[in-house]
Engineer: 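Here's a structure for you.
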Amino acid sequence: MTKHPIEVITSVERRRRWSREDKERLVAASLEPGAVHSEIARSAGIHVSRKREFPCAF
């Protein structure tokens, strides 16, 4: 049996606030040739289902 880490959330998470620099960095990364958007989203802690909304934040 393989053990996997489990994340326990003990409080209500609030909406994340992104700085302009963070948004610019993520959008620039998503526009790179060969970029894998789901990997960029996961690396930033964005749920993959929300990744299409992020570039529209500008």
Engineer: Can you list everything that forms a side-chain contact (heavy atoms from CB on, under 4.5 Å) with A44? Sequence neighbours excluded, please.
Structural biologist: W18, L26, I46
Engineer: Between R20 and E24 (salt bridge meaning N to carboxylate O under 4.0 Å), is one present in this structure?
Structural biologist: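 The answer is yes: the pair qualifies as a salt bridge.
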Engineer: So which atom in A35 and which in I40 form the shortest heavy-atom distance, rounded to 0.1 Å?
Structural biologist: CB-CD1, 3.9 Å
Engineer: So how far is it from S30 OG to E39 CD, rounded to the nearest 0.5 Å?
Structural biologist: 13.0 Å
